[in-house]
Structures are given as C-alpha cells and as structure tokens.
Amino acid sequence: FLPSDRDAIERRVMRRFGKAAREADRRGQILVSTQVIEQSLDIDFDVIITDLAPIDLLIQRAGRLWRHRARDAARPVPGAVLRVIAPEPSGTYSDSWLDDVLVEARWVYRDPSLLWQSAKAAFEAGRIVIGPLADKAEDPAHVRRLVEAVYLANRVDVLPTEAHRAALRDEGDTYAARVLADQILLRPDKAYGLGDHAWSDDSVVETRLDDGSRAVRLAVEQSGRLVPLGRDPNGNPDWLASELRLRPKYASKLKPPTEDQKRRVAPPWAEADRGVRLLVMTRDADGARSTDEPALRYTARLGLAVIREEPNPAGG
C-alpha cells in the first residue's frame, strides 16, 4: 500500500479496535491481518485466532487480547483466549511436520524446528503468565520461561535429533547473514577508511537481508509529464508517498527510468534516488494499472496486486 492508503487503513483499525473505540464501533467487527498487527498499534481484541509463530511473536499477539481492561465487563466472551492453529508437536520430528496444516509457515519463519519447539512449549504450558518474574520464577508458563524454553543455547538437550539438525542449519544461516552484513558495515571509529573492501554505491547497498525486493515508484502520465500517483498529507503529489516495495518476481522485470522518463518526471528525482524503479500506470475508475509488463493494478482497497486474466470458458 502507498503510505496515505496504509495510514487510512490504520485509522479505520484504530477507530474500531483502539483505546477510544466505542462499543458500537467494535461490535461484530473482524480484522484479518498479517503479522504486522502484532506490534506498534495500541489495539484491543476480544478474541484472537492466529497461525503458529515463534513463541515471542505469539506472546506479542497475546498482548493484543483484553488490553484495555475498562471494557472487560462488556466483552462478549468470558475470558482472554489465544487460539493457535497448528499441528500437534508430538511423535517423531520431521522438517515437514507443518505441511498438512501450515505449509506456508515454513516460508515465513524458515526454521520449522523453532516452530515445533514454540508449539511444544506453549501447548504444554497451556497459558501465558505475565508479571514480575520474582513472583513466578518457577512457573513454566511465565513469558520469560516460555522464551527460554524455545531459545535455549543448548537446544540439543531439548530437541529431537532431527529438529536439532534443522536448528543448526538455521543457526548456520544466521552466521552467514552476519558475515554478509559485516562486509558492508561502515564503522564509525573508522569512518573514512576503506578497510578490507571498497565502499559500494548507495543505490546497490543492501540494508536488509531480504528476498531481493526493490523500491518502486508509481507514476501516471499527465500532460506529457510523469507525476506521482501518491499524495502527501497535504494532498500534493509526492514521490515518497508513491513508493512501495515490489516482490523480486515482478521487480526484476522493471528497469531504472530511461533518459526520456528522467526528463519527464515531475518533480525531478534526486541523485539519491538512483536504483529506484519506475512503474508507469494509467488511471482507471478505482485506481491505476500498469501500461507494460508486469501487469499490476493499484487500488486503495487491495494495494498493488497482480492482474490475473480470467480463464476463457472455451479453453482459449
């Protein structure tokens, strides 16, 4: 989503589930969200149903249950319950233990052994306990003990052999990521020294270990110029308000602006914008769609989405 549309969605969410929400605004409302909802927003749900996640993230999500206690008497359920969708972490561990229920979770959190141990710790405890650790030091359901049970340094002692192998693979990936990060790190105490490697161009330095997605700006034609699709808080066309990240599958098909496009973008891009891709679109009734490949459409309701052609009933 463009920033302005994302902000509008956030305002609607806060109006229905925030601290100042009225009971009439909350009643009968269901929010479907990605894991972005588990932090930053001061929201309050009566019931949460979630896919399995690492234990620290499950605790974060539980923190959105019955958060504003002043409305407890009016809640439609008798208690705060986090319902977790997951297979049972029992029997012999296999890297495919999630596949019958949550096959997609393997691609979100990478390490199925971490999810196995999170499910085992959470389901065996049966609850999540908060409060000072000194008062509940021996309670395995305390948030500190749950996190320790999953992120132990000596996980070999608590994981089945196959799960431990998966954990070691994930640990190896983590160390490899640290090495890659160290290669592009500028050290403040040696700010002007090249060190073991030359500095890279700002437009190609990776600041996060992601899947190769790229920053893309959405533009539309207007009187021969290419102007931003998005607008700033004052309603003015703005390039930063027109920028989002595009998955590598589609970002790889886009090229930096041509010389002709650079001359036509208004307002002009800065030198620091090198490397950002440009997606030229045409407006339609609900938003805009790309004029070239990849075939993408933007609306305030769905964000940037792939245009899927309807199948021909005749098989064409």
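We use all heavy atoms of the structure for the numbers below, so side chains are in, but hydrogens, waters and symmetry mates are not. Numbers here simply count residues along the sequence, with the first being 1.
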Using a cut-off of 6.0 Å, state whether more than 12 heavy atoms not belonging to [X] lie near its atom [atom1].
X: I49; atom1: CD1; result: no
X: L133; atom1: CG; result: yes
X: R6; atom1: CZ; result: yes

Find the distance between [atom1] ([X]) and [atom2] ([Y]) and round it off to the nearest 0.5 Å.
X: R301; Y: I9; atom1: CZ; atom2: CD1; result: 10.5 Å
X: I43; Y: R64; atom1: CD1; atom2: CZ; result: 6.0 Å
X: D51; Y: Y109; atom1: CG; atom2: OH; result: 8.0 Å

Salt bridge between [X] and [Y], side-chain N to carboxylate O under 4.0 Å?
X: R16; Y: D25; value: no
X: R127; Y: D139; value: yes
X: D238; Y: R231; value: no
X: D286; Y: R297; value: yes
X: R27; Y: E23; value: no
X: D42; Y: R67; value: yes

Have Y298 and D5 got a donor and an acceptor in their side chains that come within less than 3.5 Å?
yes

With side chains defined as the heavy atoms from C-beta onward, is the minimum distance between [X] and [Y] less than 4.5 Å?
X: E38; Y: L57; value: yes
X: M281; Y: L304; value: yes
X: E104; Y: L98; value: no

Quick check with a 6.0 Å cut-off and a 45 degree axis cone: is R217 positioned over the face of W269's six-membered ring?
yes

In terms of heavy-atom contacts, A149 and A121 come closest through CB-CB, 4.2 Å

Do any N or O atoms from the side chain of [X] and from the backbone of [Y] form a donor-acceptor pair under 3.5 angstrom?
X: W97; Y: P112; value: yes
X: R214; Y: V276; value: no
X: D232; Y: N236; value: yes
X: S242; Y: P228; value: no

Which pairs with one or both residues in residues 218-227 pass side-chain hydrogen bond (donor to acceptor under 3.5 Å, both in side chains), sequence neighbours excluded?
E221-R264

